[in-house]
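In what follows, a single structure is set out as structure tokens and then discussed.
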Amino acid sequence: MQINFTGKTVAVTGGANGIGNAAGHAFAEAGAKVFLLDLEKENPQAAAERMGGAARGISIDVRRRESIESAFAEMGAVDVVAVNAGIAPMAAIEDTTEELWKRMLDVNLTGAFYTVQAAARRMKERRAGAIVLTASTNSYDGEASLIAYNASKSGILGILHTAANELGPYGVRVNAVCPGLIHTRLTEPYYDQPEALREYFRHIPMGRGGSPEEVANAILFLASPAASFITGAALLVDGGQMACKYSLWSETTAEFRKDHWQMK
Ligand SMILES: NC(=O)c1ccc[n+]([C@@H]2O[C@H](COP(=O)([O-])OP(=O)(O)OC[C@H]3O[C@@H](n4cnc5c(N)ncnc54)[C@H](O)[C@@H]3O)[C@@H](O)[C@H]2O)c1
């Protein structure tokens, strides 16, 4: 089956950068009319213009319900919503201030809830639609110095399951992607440290991080008719990271080249 979104309208939150932007591009290439929703300072309209005629940018802040509601009013009927906006500042448990905790949950969890709620109301009425949330491998594991992030991404699974359960009878599917380490500005600090990457990628069967486009492909699949009997699913897009128990790659049999492991 070919994935084709001709005639469909797609909204992507956090669409001006990284995974969301790659998803916007992929949906546009598949024929969709795309709305990139992002913070004003990220200039979503300029990001949309870089994608050509099929895209538009709208400034929103997912922490503010009224800004999401007004974007939905502006977009008209939306067939697919990718709930993707997120932040990931790091801090040890004891250094996680109340401000950081609240900001993280406001953007990553409450923002996702507001977006799903706005989409659900409209899709339920139309008896059709697909929502794809960006969760994370951190929805399951406990990566250090990310307690608020990990809590927010675990919470995304609660939103996923509840929304899939409630909206399934109305023909609305809700799924999530769970990316591992993907090369975006969010993870740039890792890519600036080859030694950290070498150690991180020892635990990834594919020996490398992923690209935003590789996550975008999974989002497209879950949003498409090719996934017509899939709802409530969380799809790992992590090069096998969550399947790995012990470090796999060693200098005995492989070598690390810049940003990936390769067998000798
Ligand atoms: N990069 C990774 O390794 C990785 C792994 C797992 C999950 N994720 C998740 O993927 C999603 C996208 O991250 P990315 O890596 O592409 O990062 P990114 O920083 O490139 O993109 C995130 C986007 O979200 C937007 N955003 C942040 N706060 C917002 C707000 N209040 N309102 C509206 N938009 C807001 C940002 O402006 C940005 O454009 C996030 O939810 C992130 O948690 C990323």
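Ligands are counted one by one from 1 in listed order, and the atoms in each one are counted from 1 as well.
The protein residues lying under 4.0 angstrom from ligand 1, judged by non-hydrogen atoms, are Gly14, Asn17, Gly18, Ile19, Asp38, Leu39, Glu42, Ile60, Asp61, Val62, Arg63, Asn84, Ala85, Gly86, Ile87, Val107, Thr134, Ala135, Ser136, Tyr149, Lys153, Pro179, Gly180, Leu181, Ile182, Thr184, Arg185, Leu186, Thr187.
For Met242, the CE atom counts as densely surrounded, since its 6.0 Å shell holds more than 12 non-hydrogen atoms of other residues, nucleotides or ligands.
Within the structure, ring-ring contact (aromatic ring centres under 6.0 Å, His included) pairs that include any residue of residues 14-72 comprise Phe5-Phe27 (at least two apart or interchain). Residues in residues 146-173 take part in these side-chain hydrogen bond (donor to acceptor under 3.5 Å, both in side chains) pairs, two or more places apart or across chains: Asn108-Ser152, Asn138-Asn150.
Considering only residues two or more places apart in sequence or on other chains, Gln193 meets the side-chain hydrogen bond (donor to acceptor under 3.5 Å, both in side chains) condition with none of them.
Ring-plane geometry between Trp249 and Trp261 is classed as parallel, the angle between the planes falling under 30 degrees on a 0 to 90 degree scale with a further cut at 60.
Tested against Asp61 for a salt bridge (charged side-chain N to carboxylate O under 4.0 Å, His left out), the candidates Arg64, Arg65, Arg63 yield a single pass: Arg63.
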